[in-house]
Amino acid sequence: MQIRVLGCSGSIAAGSRTTSFLVDDDVLVDAGTGVGDLALDELARIDDIFVSHSHLDHVLAIALLADSVKRLRADVGRPPIRVHALAETLHALRTHVFNGVIWPDFTRLPSPERPILCFEPFAVGDRLALSRGRSLEVLPAAHTVPAVGFALLDAAGRAWAYSGDTGPVPALWRRLAEMDLRGLIVETAFGDDERELADVSRHLCPTLLRDELAQLRRPVDVYITHIKPGMVDAVMSQVAAQAGPHRVSALHTGQCLQFGE
């Protein structure tokens, strides 16, 4: 599997895009502002969107993507784009975005019989089959709204995992320790000087990250995401000071990660 980093910043600025990953050419994991850098034909190939939680920086491109590709997909008879999320997250999208006020309800347009989007709920622990022998497992997270992380697995069971937005959550690390984990994208939204804010907003900072990574059984490639614009060097210097066995680096927009075959 190839994971293309469309966005990995905690907010926007020149060169900064919010969270979204394109898996191969047909699956989106989260849908932040980075989705807008895809060409129209690339957008039209997306069949599944997996949403970690309802916050704007992770969902805002879903509405615009639907509007962009509705004619292209209808012309070739493509089915609705499946938006997978917790029931609470789908309820938030329907209530606050696809409500006819903020944006049209593309789960009923162009027609209720042939919409451009369909919403499909999942639960923590679900394993969902994708094409080409791939699968996705829904992982626990602990944030200020209902939230999850994800593990993408190839046919051989090798996993790429993404924490989503989360504070400390022992169940996540117990599950990751059981997997054949080849790569981990994990958020570290704040520096240690903002530990109190990290605690309140249910995010990680470098010292919290150190404690979480210590629960993994063997070294793994770790990519840090969701750092605020202008804070990457400061946060990564604090991460580097937390000595550990893992190979840790900052994720950047445009990066391509290869996992499995």
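On a predicted model such as this, the values are computed, not experimentally measured, just so you know.
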If a pair satisfies ring-ring contact (aromatic ring centres under 6.0 Å, His included) and one of its residues is in residues 10-41, list it, with sequence neighbours excluded.
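Residue pairs with at least one partner in residues 10-41: Phe21-Trp160, Phe21-Tyr162.
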Cluster overlap Leu60 with Leu28, hydrophobic side-chain contacts below 4.5 Å
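The answer is no; the residues belong to distinct hydrophobic clusters.
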Is there a path of hydrophobic side-chain contacts, each under 4.5 Å between heavy atoms, that joins Ile46 and Leu109?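 In one cluster with Ile46: Leu109, yes.
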My understanding is that only residues two or more places apart in sequence, or in another chain, count here; which of them pass side-chain hydrogen bond (donor to acceptor under 3.5 Å, both in side chains) with Asp48?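 side-chain hydrogen bond (donor to acceptor under 3.5 Å, both in side chains) check on Asp48 returns Arg82, His84.
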side-chain contact (heavy atoms from CB on, under 4.5 Å) partners of [X], counting only residues at least two apart:
{"X": "Arg4", "result": "Leu6, Leu22, Leu38, Glu42, Cys256"}
{"X": "Asp75", "result": "Arg71"}
{"X": "Asp26", "result": "Asp24, Asp47, Ser131, Arg132, Arg134"}
{"X": "Thr89", "result": "Val51, Ser54, Ala85, Leu86"}

Do [X] and [Y] make a side-chain contact, defined as non-hydrogen atoms from C-beta onward lying under 4.5 Å apart?
{"X": "Thr18", "Y": "Asp30", "result": "no"}
{"X": "Arg78", "Y": "Val69", "result": "no"}
{"X": "Arg73", "Y": "Pro79", "result": "yes"}

Does [Y] offer a backbone N or O that forms a donor-acceptor pair with the side chain of [X] under 3.5 Å?
{"X": "Glu187", "Y": "Leu204", "value": "yes"}
{"X": "Arg217", "Y": "Glu178", "value": "no"}
{"X": "Thr225", "Y": "Cys8", "value": "yes"}
{"X": "Gln238", "Y": "Asp192", "value": "yes"}
{"X": "Trp103", "Y": "Ala63", "value": "yes"}
{"X": "Arg17", "Y": "Ser9", "value": "no"}
{"X": "His246", "Y": "Leu213", "value": "yes"}

Exercise for the section: Provide the closest heavy-atom pair for Ala161 versus Leu139 in the form atom of the first, atom of the second, distance. Expected result: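 Nearest heavy atoms, Ala161 then Leu139: CB-CD1, 4.4 Å.
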* To do: Please lay out, stage by stage, how Val23 and Met1 fare under the test side-chain contact (heavy atoms from CB on, under 4.5 Å).
  => CA-CA 7 Å; Val23 182; Met1 287 183 290; 4.2 Å; yes
Of the options Asp165, Thr188, Thr19, which is the one that meets His226 in a side-chain hydrogen bond (donor to acceptor under 3.5 Å, both in side chains)?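 For His226, the side-chain hydrogen bond (donor to acceptor under 3.5 Å, both in side chains) test succeeds with only one of Asp165, Thr188, Thr19, which is Asp165.
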_If you apply the rule side-chain contact (heavy atoms from CB on, under 4.5 Å), what do you find for Asp180 with Arg218, and how did you get there?_
CA-CA 10 Å; Asp180 183 7; Arg218 54 184 179 272; 3.9 Å; yes
Exceeds 12 heavy-atom contacts within 6.0 angstrom, atom CZ of Arg210:
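Buried by this count: over 12 neighbours within 6.0 Å.
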Discussion item. Please determine whether the number of non-hydrogen atoms from other residues, nucleotides or ligands lying under 6.0 Å from atom CG of Leu130 exceeds 12.
Written reply: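 Atom CG in Leu130 is packed in, count exceeds 12.
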(Q) Between Leu65 and Ile81, does the side-chain contact (heavy atoms from CB on, under 4.5 Å) criterion hold? Intermediate values first, please. (A) CA-CA 10 Å; Leu65 185 157; Ile81 299 168; 3.4 Å; yes
Practice problem: Any salt bridge (Lys or Arg N to Asp or Glu O under 4.0 Å) involving residues 224-241? Give me the pairs, sequence neighbours left out, ordered by first then second residue. | Solution: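 Sorted result for residues 224-241: empty, none.
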- Taking only residues at least two apart or on different chains, which pairs with a member in residues 196-207 satisfy salt bridge (Lys or Arg N to Asp or Glu O under 4.0 Å)?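 Matches after skipping sequence neighbours: Arg195-Asp199.
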Identify each donor-acceptor pair in which a side-chain atom of residues 91-98 lies under 3.5 Å from a protein atom, sequence neighbours left out, and give them as a table.
residue: His91; atom: NE2; partner: Thr95; partner atom: OG1; Å: 3.4
residue: Arg94; atom: NH1; partner: Thr107; partner atom: OG1; Å: 3.1
residue: Thr95; atom: OG1; partner: His91; partner atom: O; Å: 2.8

Margin query: Can you tell me which residue among Val239, Leu181, Val248 is in a side chain to side chain contact (heavy atoms under 4.5 Å, CB included) with Val222?
Written below: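 Looking at Val239, Leu181, Val248, the match for Val222 under the side chain to side chain contact (heavy atoms under 4.5 Å, CB included) is Val248.
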Check your understanding: Which residue pairs satisfy the side-chain hydrogen bond (donor to acceptor under 3.5 Å, both in side chains) criterion with at least one member in residues 115-128, sequence neighbours excluded?
Key ->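 Found Arg127-Glu137.
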inquiry  = side-chain contact (heavy atoms from CB on, under 4.5 Å), that's the test. Do Ile224 and Val186 meet it? Break it down for me.
reply    = CA-CA 5 Å; Ile224 305 301; Val186 59; 3.9 Å; yes
Pairing residues for Phe122 by the ring pair (Phe, Tyr, Trp, His ring centres under 6.0 Å) criterion, not counting sequence neighbours: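 Once residues adjacent in sequence are excluded, the partners of Phe122 under the ring pair (Phe, Tyr, Trp, His ring centres under 6.0 Å) criterion are Phe150.
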Among residues at least two apart in sequence or on other chains, which ones pass ring pair (Phe, Tyr, Trp, His ring centres under 6.0 Å) with His143?
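Expected list: His53, His55, His203.
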